Amino acid sequence: MRKILFILITACLFGAVAEAKAPSNFAVDVTSAKLYLDMANNAYNGQMPSDAEWESLFASNAYSALFDKVNWDKQEFQGNVRKAFEIAYDPSKVSIRDSISSTLNDIELAELDTELPLFVSTALSIKNNLGKYTSIVNEMDIDNVIDNANTLAMSLLPNNGNGITPEPCPIYFIVWDLECRALGDAIFLDINTFFNGGIQAATEALAHEMHHFYLMPVFSIVYKEDIIDGALLALVHNMREGVADILNKKKMPLESLAPYGDKMLAAYNADYAATPQTLAQLDAVTCDFLDGKFDMEQYFQKAFECARYEGHTTGDYMVFLIRDQLGIDAVIESVGNVEAFVENYNKAAEKAGTYKFSDRFTQHIHNICAPAKR
């Protein structure tokens, strides 16, 4: 399979061009989540986990797979999961629990010195929804959820995804912080984040992650040669997250960013509103690079700063504007096609009276993309 280097820089996605297959490629593993919920139910009834139970949890499939794919500090991560659990359930930790609980609505990622409050938020929410989450994990029709999520994901692919599929992708249910993530060739779903809004919201969140895995084979079809460029680094992140966010956010600015609190929601919406300035910055950085004011490393760094919140806020602005001004077909045309993404954004921006990329920027994107299509 041909590698498109700018995609490999922006996201660990794997895919191949192939005949369309059933979503059985997305195999599900819930063992780690069930172990955690068993421990939580026992702790709720007064029996805290033993060291051996913690060792068994962290040796389970989801946690083992996670640390095969990331270079996170394993000891710190496991410590956060365990400390958060103890804060949530240990009666002797009530003062710490109350102290952290009082701050959860005011969490802003940029201000955190430690990630422990994120893990505590997850542990406390699981505790508050313990019966509900236990029933869902044990009783849900996971095949139906995967089928529905897959249908949603493919609905935002060119030609409804006909002829493309990602390589086999396990889906792991896990407990950690406030995020679900596509990492490497696997999807990791934090059970609190995933089930927070119910089964329909969970299905849409899974569709979001699945869409990421369909993106690489789309790029492999559109672009026949490798492309390396700073502006594309930002644009691919923005397109990737903006399109997937249509599946589970639908409307901006957001009224809720659950399980995050009000402060994070306000920061997210403010960054979304500032997108015209962010895109103007990307335009200026690119033109400065073309004028020789930056070397390649500086260009990539400065350009990537214009994919805000890893592309979520900036990408939502761009993609939602295309949808609202030009229709969903223009969004689908933009998937995996950076030239179409920029052109459709400019058309939508002109209709809406907001920031358009300069002719020079737009021509630069055309110049670097066109040869790779041949």
Side-chain angles (χ1 to χ4, degrees), residues 10-12 29-40 42-43 48-128 133 170-196 209 257-261 263-264 267-268 304 309-310 312:
T10 62
C12 298
D29 190 296
V30 298
T31 55
S32 298
K34 287 185 175 181
L35 283 172
Y36 184 98
L37 289 171
D38 285 345
M39 291 164 55
N42 289 337
M48 294 296 288
S50 65
D51 288 343
E53 286 177 298
W54 281 111
E55 290 173 5
S56 178
L57 177 69
F58 292 132
S60 63
N61 294 343
Y63 292 97
S64 296
L66 177 67
F67 282 99
D68 284 340
K69 301 179 186 304
V70 299
N71 60 355
W72 301 346
D73 185 320
K74 184 176 181 180
Q75 186 173 5
E76 180 182 1
F77 177 91
Q78 292 180 353
N80 280 334
V81 174
R82 182 167 181 171
K83 287 175 188 174
F85 186 100
E86 292 168 349
I87 289 169
Y89 294 97
D90 189 340
S92 70
K93 307 286 188 183
V94 64
S95 60
I96 300 174
R97 179 163 66 245
D98 290 346
S99 175
I100 293 179
S101 294
S102 67
T103 68
L104 293 181
N105 196 49
D106 295 325
I107 286 178
E108 185 17 315
L109 294 184
E111 299 173 358
L112 287 179
D113 296 324
T114 172
E115 293 184 346
L116 180 60
L118 304 178
F119 288 78
V120 172
S121 179
T122 290
L124 288 174
S125 187
I126 290 175
K127 181 182 179 182
N128 292 335
Y133 291 172
I171 298 171
Y172 295 102
F173 285 77
I174 195 169
V175 175
W176 55 12
D177 57 13
L178 303 182
E179 296 285 349
C180 297
R181 296 180 179 90
L183 297 172
D185 57 349
I187 294 173
F188 294 85
L189 303 173
D190 173 75
I191 60 173
N192 175 59
T193 304
F194 192 63
F195 294 126
N196 189 270
E209 302 301 338
L257 194 60
Y260 288 103
K263 190 169 185 178
M264 184 68 178
Y268 191 96
F304 189 58
Y309 284 80
E310 298 182 337
H312 283 282

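A quick note: this is a predicted structure, and the numbers were derived from the prediction, not measured.
Ring geometry for His312 versus Tyr268: interplanar angle of 30 to 60°, hence tilted. Using a 30° and 60° split on the angle between ring planes, Phe195 and Phe173 fall in the parallel class, below 30°. Ring geometry, Phe58 versus Trp54: the interplanar angle falls under 30°, so the pair is classed parallel (tilted spans 30 to 60°). Taking the six-membered ring for Trp and thresholds of 30 and 60 degrees, Phe85 and Tyr36 have ring planes more than 60 degrees apart, a perpendicular arrangement.
The CH2 atom of Trp72 sits 11.0 Å away from the CG atom of Asn80 when rounded to the nearest 0.5 Å. Of the inter-residue distances, the one linking Phe194 atom CZ with Ile174 atom CD1 reads 14.0 Å to the nearest 0.5 angstrom. Going from atom CG of Asn192 over to atom CD1 of Ile126 covers 5.5 Å, rounded to the nearest 0.5 Å. We find the CD-CG distance between Glu209 and Leu189 to be 7.0 Å, quoted to the nearest 0.5 Å. A distance of 11.0 Å separates CG in Asp98 from CD1 in Ile87, rounded to the nearest 0.5 Å. Atoms CE and OG, from Met39 and Ser50 in turn, are 8.0 Å apart once rounded to the nearest 0.5 Å.
Between Lys93 and Glu86, the shortest heavy-atom contact is CG-O, 3.5 Å. Annotation for Asp185 and Pro170: closest pair O-CD, 3.2 Å, computed over non-hydrogen atoms. The nearest pair of heavy atoms linking Ala43 to Met48 is CB-SD, 3.9 Å. Minimum interatomic distance between Tyr309 and Ala267 (heavy atoms only, all atoms of both residues): OH-CB, 3.4 Å. Of all non-hydrogen atoms in Lys127 and Ala88, the two that sit nearest each other are NZ-O, 2.7 Å. Among all heavy-atom pairs drawn from Asp177 and Thr193, the shortest one is O-OG1, 3.9 Å.
In this structure, Lys69 places its NZ atom where more than 12 heavy-atom neighbours from other residues, nucleotides or ligands lie under 6.0 Å away. Heavy-atom contacts from other residues, nucleotides or ligands closer than 6.0 Å to CD of Glu310 number 12 or fewer.
Salt-bridge annotation for Lys83 and Asp90: absent, with no side-chain N of the basic residue lying under 4.0 Å from a carboxylate O of the acidic one. Salt-bridge annotation for Arg181 and Asp190: absent, with no side-chain N of the basic residue lying under 4.0 Å from a carboxylate O of the acidic one.
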Steps toward side chain to side chain contact (heavy atoms under 4.5 Å, CB included) verdict (Asn196, Tyr133): CA-CA 9 Å; Asn196 189 270; Tyr133 291 172; 4.1 Å; yes

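Counting heavy atoms from C-beta on, the side chains of Leu124 and Ile100 never come closer than 4.5 Å. Side-chain contact check for Tyr260 versus Glu179: some heavy-atom pair is nearer than 4.5 Å. A 4.5 Å side-chain heavy-atom check between Asp51 and Arg82 finds at least one atom pair inside the cut-off.
Counting only distance, with no hydrogens or angles, the side chain of Ser125 and the backbone of Thr122 share no donor-acceptor pair below 3.5 Å. Side chain of Ser60 to main chain of Leu57: a donor-acceptor pair is present (N/O by atom type, distance under 3.5 Å, no hydrogens or angles). Not a single donor-acceptor pair under 3.5 Å links the side chain of Ser64 to the backbone N or O of Asn61.
Each of Tyr172, Phe188, Phe77, Trp176 was evaluated against Tyr63; a single residue qualifies, Phe77, per the side chain to side chain contact (heavy atoms under 4.5 Å, CB included) test.
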